[in-house]
Amino acid sequence: MDNRMYRPENIRKEILIVEDIELNREILGEIMAPDYNIHYAANGQEALEILRERGRHLSCVLLDLIMPVMDGYQLLEIMHGDDKLKDLPVIVLTSEKSAEVETLRLGAVDFIPKPYDSPEVIRTRVWKNIELSEKRMIVQSTERDPLTGLYAKDYFFEYAEQVRQYDLSRSIDAVVIDIDHFRLLNELQSREFGDTVLKTIGESLKVSLQPGIGIACRASGDTFFVYRRHSDNYEELHRKLEEDLSRLSEVARIRFRVGVYQNVDQSLSVPHQFDMAKYACDSRSNDFNRNISYYDTELHEKELFEEKLIHGIDEAIQDKQLIVYFQPKFDITGEEPVLSSAEALIRWNHPQFGMVSPGIFIPLFERNGMIHRVDSYVWEETARLVGQWKEKWGITIQVSVNVSRIDVYDENLRKRMSDLVERYGIDPKDFLLEITESAYSEDVDQLMAALQGLREDGFRIELDDFGSGYSCLSMLSTMPIDVIKMDMSFIRNVEKDERSIRMIELIMEIARFLSVPVVAEGVENEEQYRMIRETGCDRIQGHYFSRPLPAEEFEQLLLTEKQIVRP
Ligand code: C2E
Ligand code: MG
Ligand code: MG
């Protein structure tokens, strides 16, 4: 990297004139003196001394070729091999046409023929070359990501475009590498450790991308892009990265995902090609067994499907294609299970695809940030119905709604929630907010503050899918929560796996320590129910008791249930 200094416009620039014949030196000096501060050297050796001392202050060197002690060729050669000097523009003063190619090869940027032309022409040439080199310098200083030394994204796209244009028949792959839970890594280890991880990936990529193979950039905080010659084998790249990262820490296993779009369609723009690689990369978010995902026709179909969902969401809300279902929760602490509350779960009755499960579209809207539109709708519908049942039948039922991680970072969440329950005459303590555990791995302080605020307003917080995510136990003790909802996976394996029942018992112990009740969700049969009951679990939600029901059916259930437990 060029380390010459940027100078404000009004400071005179410095140049160096290297010429053994005194008269020539003086003539050139006269020509340049009005615009520049000038250093003189009578041969290469003298010039080198000045360069070593003033190098970063100099804007240009005017260099004679034939000189005693050290000639111009030798000096050029030395400058060419010196990182600090190699980008300083050198204009060669020559009377020999034949010298031009050789000096160009050695890095000269231009020539001034002897005998000297008009002063104006010489001054313009010097000025032009200085300007060009300064522009190049600015480019160089923004071209690279300072931390990893890889390209910055804008330049990367530009160069990738050039690679693409250079040979349209060549097969090229777009590769995206994304670190899992990088924020958590920063938080649990340290920011320095996070930086080291990024640098290590940068180094590893540089090594694997020998010149001519491809280029790489850091595209965002923890995402890297690689544009390279086609390869059939990305296992090797993955293995190498894993190996380099494993040296950094004995405790932290750093996981990352790789998405590859092979043999890119050259008619697409480079950013679009990377969208596809990124899509492949994200598509395996929850699949720990697959290290590398490739963009293929199946994924393409999925992407088209998801695009239709994204474009259809406004219409879906308007036309009431989005329907809120209620899945009852039963209290099992007494002799008989008693209806105690319900979870509002969204369904999408899509005109083309039929019933679409939230497992498909919720993660999609969480990724693109549109989830708040869906959630606002669900909260409103739920509150409206609960208010209606209360008014119509005098029945107060506690409900829970799901709150996505992105909702928690909405500054207006508190006000929105309070306005909502007030509008429908609901006591906030009957409106539970289910927060998924994955939310807990993001900005912890902000999350705590948000939850604390909601609790001050009377809402209760239910920690959803406990045990599936990344919350650590130390966080749990300070976390403002009122109910723990055990992840379904424990219940699913409870009959066949001794460890699951141990885990459930452990969760029960944690909950008792925190004095909060536990809900087991996903109980599907008698055996599971019996086993869960024995652990002392408080509530159950699952197909064994009831599937999620449309509002009218749930309303009927409310009316037929003999008693409803008041928590
Ligand atoms: P969740 O909040 O953990 O909801 C529980 C899921 O388990 C629901 O799936 C429910 O139908 C399912 N389930 C309940 N009992 C059983 C059982 O016995 N067996 C099996 N196999 N499944 C059972 P669903 O409705 O497909 O929702 C999936 C996820 O989508 C939810 O997980 C929640 O994270 C999200 N979700 C649903 N509605 C909303 C919403 O309105 N907003 C947000 N942000 N997320 C929602
Ligand atoms: Mg839930
Ligand atoms: Mg859950």
Side-chain angles (χ1 to χ4, degrees), residues 174 176 178 180 220 223 257 259-261 265 268-269 271-287 290 293-327 343-385 400-410 413 416 433-439 442 464-465 468-469 488 547-551:
V176 172
D178 195 314
D180 284 352
S220 69
T223 313
R257 312 186 294 266
V260 185
Y261 173 29
D265 176 350
L268 301 173
S269 72
H272 193 159
Q273 294 169 7
F274 275 95
D275 284 346
M276 292 157 93
K278 182 87 174 65
Y279 186 80
C281 188
D282 292 343
S283 70
R284 92 112 182 96
S285 291
N286 299 317
D287 179 356
R290 278 182 69 198
S293 330
Y294 294 92
Y295 191 90
D296 53 18
T297 36
E298 193 187 320
L299 217 51
H300 183 64
E301 295 290 322
K302 188 164 167 249
E303 195 178 13
L304 290 180
F305 166 67
E306 292 188 351
E307 254 167 40
K308 283 194 183 153
L309 294 183
I310 289 169
H311 290 301
I313 188 66
D314 287 327
E315 200 181 292
I317 290 176
Q318 252 169 38
D319 299 356
K320 302 239 166 203
Q321 293 165 20
L322 292 185
I323 310 163
V324 180
Y325 276 51
F326 293 86
Q327 187 174 31
E343 176 178 11
L345 292 160
I346 188 73
R347 298 289 178 266
W348 188 341
N349 190 4
H350 194 279
Q352 186 183 348
F353 307 123
M355 278 292 181
V356 185
S357 147
I360 290 172
F361 65 85
I362 295 286
L364 171 69
F365 290 124
E366 280 184 331
R367 275 203 302 276
N368 73 7
M370 281 158 73
I371 188 68
H372 69 276
R373 307 230 301 256
V374 178
D375 278 347
S376 296
Y377 173 80
V378 176
W379 301 341
E380 177 88 33
E381 267 300 279
T382 304
R384 187 181 67 77
L385 287 162
S400 59
V401 291
N402 287 284
V403 175
S404 280
R405 151 182 33 178
I406 301 159
D407 298 318
V408 183
Y409 299 115
D410 172 6
L413 180 64
R416 279 169 59 201
L433 310 177
E434 290 194 16
I435 319 273
T436 54
E437 208 189 345
S438 62
E442 303 284 322
D464 205 350
D465 304 335
S468 68
M488 244 186 282
R547 288 177 180 269
L549 305 171

Q: Let me see the working for Leu549 and Gln327 under side-chain contact (heavy atoms from CB on, under 4.5 Å), right down to the final yes or no.
A: CA-CA 6 Å; Leu549 305 171; Gln327 187 174 31; over 6 Å; no
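- Between the CG atom of Asp464 and the CD1 atom of Ile435 there is a distance of 9.0 Å, given to the nearest 0.5 Å.
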Sequence neighbours left out, cut at 3.5 Å: what donor-acceptor pairs do the side chains of residues 348-359 make with other protein atoms?
{"from": "Trp348", "atom 1": "NE1", "to": "Gln321", "atom 2": "OE1", "distance (Å)": "2.9"}
{"from": "His350", "atom 1": "ND1", "to": "Gln352", "atom 2": "N", "distance (Å)": "3.0"}
{"from": "His350", "atom 1": "ND1", "to": "Phe353", "atom 2": "N", "distance (Å)": "3.2"}
{"from": "Ser357", "atom 1": "OG", "to": "Gly359", "atom 2": "N", "distance (Å)": "2.9"}

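- Asp265 is not listed as a side-chain neighbour of Gln273, based on a closest heavy-atom distance of 4.5 Å or more.
- Considering OG of Ser404 and CE of Met370, their distance stands at 13.0 Å, rounded to 0.5 Å.
- A donor-acceptor contact shorter than 3.5 Å links the side chain of Ser293 to the backbone of Ala280.
- For Asn368 against Phe365, the heavy-atom pair with the smallest separation is OD1-O, 3.1 Å.
- Put simply, CG on Leu433 and CG on Asp375 are 10.5 Å apart, with the number rounded to the nearest 0.5 Å.
- Contact of the Asp410 side chain with the Ile406 side chain is not registered, since no non-hydrogen atoms from C-beta on lie closer than 4.5 Å.
- Remark: Lys320 engages Glu381 in a salt bridge, criterion side-chain N to carboxylate O under 4.0 Å.
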Q: Assess whether side-chain contact (heavy atoms from CB on, under 4.5 Å) is satisfied between Ile362 and Asn402, documenting all intermediate values.
A: CA-CA 11 Å; Ile362 295 286; Asn402 287 284; over 6 Å; no
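- Atom CG of Leu309 and atom CG of Leu304 lie 11.0 Å apart (nearest 0.5 Å).
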Q: Please lay out, stage by stage, how Phe274 and Thr223 fare under the test side-chain contact (heavy atoms from CB on, under 4.5 Å).
A: CA-CA 12 Å; Phe274 275 95; Thr223 313; over 6 Å; no
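- Using a 4.5 Å heavy-atom threshold, the side chains of Leu299 and Glu303 count as separate.
- The existence of a salt bridge linking Lys302 and Glu306 is confirmed by a sub-4.0 Å separation between a basic side-chain nitrogen and an acidic carboxylate oxygen.
- In this structure, the separation between CZ on Phe361 and CG on Leu322 is 6.0 Å, given to the nearest 0.5 Å.
- The shortest side-chain heavy-atom distance between Val176 and Tyr279 does not fall under the 4.5 Å cut-off.
- In this structure the side chain of Ile323 never reaches within 4.5 angstrom of the side chain of Ile346, judged on heavy atoms.
- Between the side chains of Tyr325 and Glu343, not a single donor N or O lies within less than 3.5 Å of an accepting N or O.
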Q.
Working note: Leu364 + Ile360, criterion side-chain contact (heavy atoms from CB on, under 4.5 Å); need CA distance, chi angles, decisive distance, verdict.
A. CA-CA 7 Å; Leu364 171 69; Ile360 290 172; over 6 Å; no
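- Side-chain contact between Ile313 and Arg373 is present, with heavy atoms from C-beta onward closer than 4.5 Å.
- Under the side chain to side chain contact (heavy atoms under 4.5 Å, CB included) criterion, Met488 pairs with Arg492, Glu521, sequence neighbours left out.
- Note that OG of Ser376 and CZ of Arg416 are 3.5 Å apart. Values are rounded to the nearest 0.5 Å.
- Using a 4.5 Å heavy-atom cutoff, the side chains of Tyr261 and Asp275 are not in contact.
- For the pair Met276/Leu268, a side-chain contact is recorded, criterion being any heavy-atom separation below 4.5 Å from C-beta on.
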